[in-house]
Amino acid sequence: MASKNRVKISFFLIVLSFIGLSASFAAAEIGPDESKSEEFVVTLDHSNFHEFVSKHKFIVVEFYAPWCGHCKKLAPEYEKAASILSKEDPPLILAKVDANEEKNKVLANEFGVSGFPTIKILRFGGSIVQDYKGPREADGIVAHVKKQSGPASAEIKSAEDAASFVDEKKIVVVGVFPEFSGEKFDNFTTLAERLRSDYEFGHVLDAKLLPRGESSISGPTVRLFKPFDELVVDFQEFNLDALVKLIEESSVPTVTVFNNDPSNHPFVIKFFNAEYDKAMLFLNFSSENTDAFKSKYHDVAEQYKGKGIGFLIGDLEASQGAFQYFGLKEDQVPLIVIQTSDGQKYLKTNLEPDQIASWVKEYKDGHVQPYKKSEPIPEVNNEPVKVVVANTLQDMVFNSGKNVLLEFYAPWCGHCKKLAPILDEVAVSLENDADVVIAKIDATANDIPQGTFDVKGYPTLYFKSASGNILHYDGDRTKEDIIDFIQKNRDKAAQKEPGKDEL
């Protein structure tokens, strides 16, 4: 489960990079909490959380960390929204939990918190938990929360209602019924309640009021409107789980397009949130052969629909964040990269349109070797703290037969910069000990083995003993404490035990 969560974090950071937001919030330590207790946002912790939630039909909860810059930015907006929503009848409650507090980490794990801030909507005493996917400024929070707290599906009574409800740039779901009662209508209402965080739902008695699609519907029907592919999809299936699956499958474009059009961003986010392998083709949309690439790529996407792989095409101009994340270069374009659900990556650079189908087939057949993002191996590595890159991690850490303290850092991280001279002192103090190595790796520029290191913030320190034991260091970041930890956990005689140094 931890490994899957880390992959989801990686995908989420790609999404943030794609849509132009800072990706540092999930990793950077910003500093001590400067916020003060608020009046309208309810503070919860492990001692009162479940009792408080159980008494409310609807509540919004933010899981935050005091050092998180994005949490600090959200705080006044969240408080302002809470003050406005407290005046509703009945009042709508916004709450918060310090998920960085040790005693509250059980709660954070319970709700799958893997980055900050994470906001959840809890319904019916906490029996239904959904992700908050609305705005992060006060007016937007208020509007979104009021909408989420109301009926899951809105009745469409006129053509004017339908025209304003069916937006040409988003997905909406409408149930058509001869009467608003019966098992099928009840199932639709339950469906709307379950998926209301992801889609807007409406219900109507007369299909002729709806735009697009066939208006002469016989019998209850669920109609999905979308701004891509076939535009309208009708379902007569009312088994709840089957209907959820049909809607989820139909609401993903055959090929998700990423460019500078913000209306595409929800579909990009949906693409990365999906569980399947992700194929991403990057090219310059203004190049002469763009149409040929799009046509061939779409054909391949159609061929593999429903076979565990999704497809996205990204414009080079809009995809700089992704290039940085994957360690790609513009002179490799056109290129295709596939990232699997377990974090493995596969790459084909300087691609031709006619090569897309054959390369994807080779990948599916298991004939393509994984791609590893790595900085160049240093030509000189004689500083006290040794530099490790992805291509030397195996030799310098796992196969070294030494006791290695490894720092995972980010170049922009202020806390990493503060730690750097301390690690230098540690390395100098131990430089005559041939069995100990102090090392560092830029975790933003090198792939980190999935399931081996749990790097959720920078800096993160791990210790690998000579015999292969791996320990997370979470003590004080002083020279004395770090050296004491190394001496207590090291193997005195550096003896390599077979089978313990493999990834």
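Everything numeric in this text was worked out from a predicted model, so none of it was measured.
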Do [Y] and [X] meet the salt-bridge criterion of a basic N to acidic O distance under 4.0 Å?
{"X": "Lys245", "Y": "Glu248", "result": "no"}
{"X": "Asp365", "Y": "Lys361", "result": "yes"}
{"X": "Glu110", "Y": "Lys105", "result": "no"}
{"X": "Glu249", "Y": "Lys305", "result": "no"}
{"X": "Glu77", "Y": "Arg136", "result": "no"}
{"X": "Asp433", "Y": "Arg490", "result": "yes"}

Are the side chain of [X] and the backbone of [Y] linked by a donor-acceptor contact shorter than 3.5 Å?
{"X": "Tyr297", "Y": "Leu312", "result": "yes"}
{"X": "Asp229", "Y": "Pro253", "result": "no"}
{"X": "Asn381", "Y": "Val387", "result": "yes"}
{"X": "Ser374", "Y": "Asn391", "result": "yes"}

Suppose we screen for salt bridge (Lys or Arg N to Asp or Glu O under 4.0 Å). Which residues come up paired with Lys348, at least two apart in sequence or across chains?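 For Lys348, no residue satisfies salt bridge (Lys or Arg N to Asp or Glu O under 4.0 Å) once neighbours in sequence are set aside.
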Report the residues that fulfil side-chain contact (heavy atoms from CB on, under 4.5 Å) with [X], sequence neighbours left out, ordered by chain and then residue number.
{"X": "Val428", "result": "Pro384, Glu431"}
{"X": "Ile470", "result": "Phe398, Thr452, Phe453, Tyr462, Lys464"}
{"X": "Asn48", "result": "Leu44, Asp45"}
{"X": "Val129", "result": "Phe111, Lys120, Leu122"}

Once the angle between the rings of Tyr132 and His144 is folded into 0 to 90°, is it parallel (under 30°), tilted (30 to 60°) or perpendicular (over 60°)?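 Geometry flag for His144 against Tyr132: perpendicular rings.
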Does Phe267 have its ring centroid less than 6.0 Å away from the ring centroid of Phe228?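 Between Phe228 and Phe267, which both carry aromatic rings, the centre distance is below 6.0 Å.
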Output field: ring centroids Tyr473/Phe463 closer than 6.0 Å: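 No.
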Do Lys294's NZ or CZ and the ring of Phe285 fall within the cation-pi criteria of under 6.0 Å and 45°?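 Yes, Lys294 sits over the ring of Phe285.
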Over-ring placement of Lys96 relative to Tyr64, 6.0 Å and 45° cut-offs: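 Yes, cation above the ring, under 6.0 Å and within 45°.
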Nearest 0.5 Å, what's the CD1-OG1 distance between Ile309 and Thr340?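 If we round to the nearest 0.5 Å, Ile309:CD1 and Thr340:OG1 are 10.0 Å apart.
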Going by the salt bridge (charged side-chain N to carboxylate O under 4.0 Å, His left out) test, which pairs reach into residues 413-424, not counting sequence neighbours?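 Non-adjacent pairs meeting salt bridge (charged side-chain N to carboxylate O under 4.0 Å, His left out): zero.
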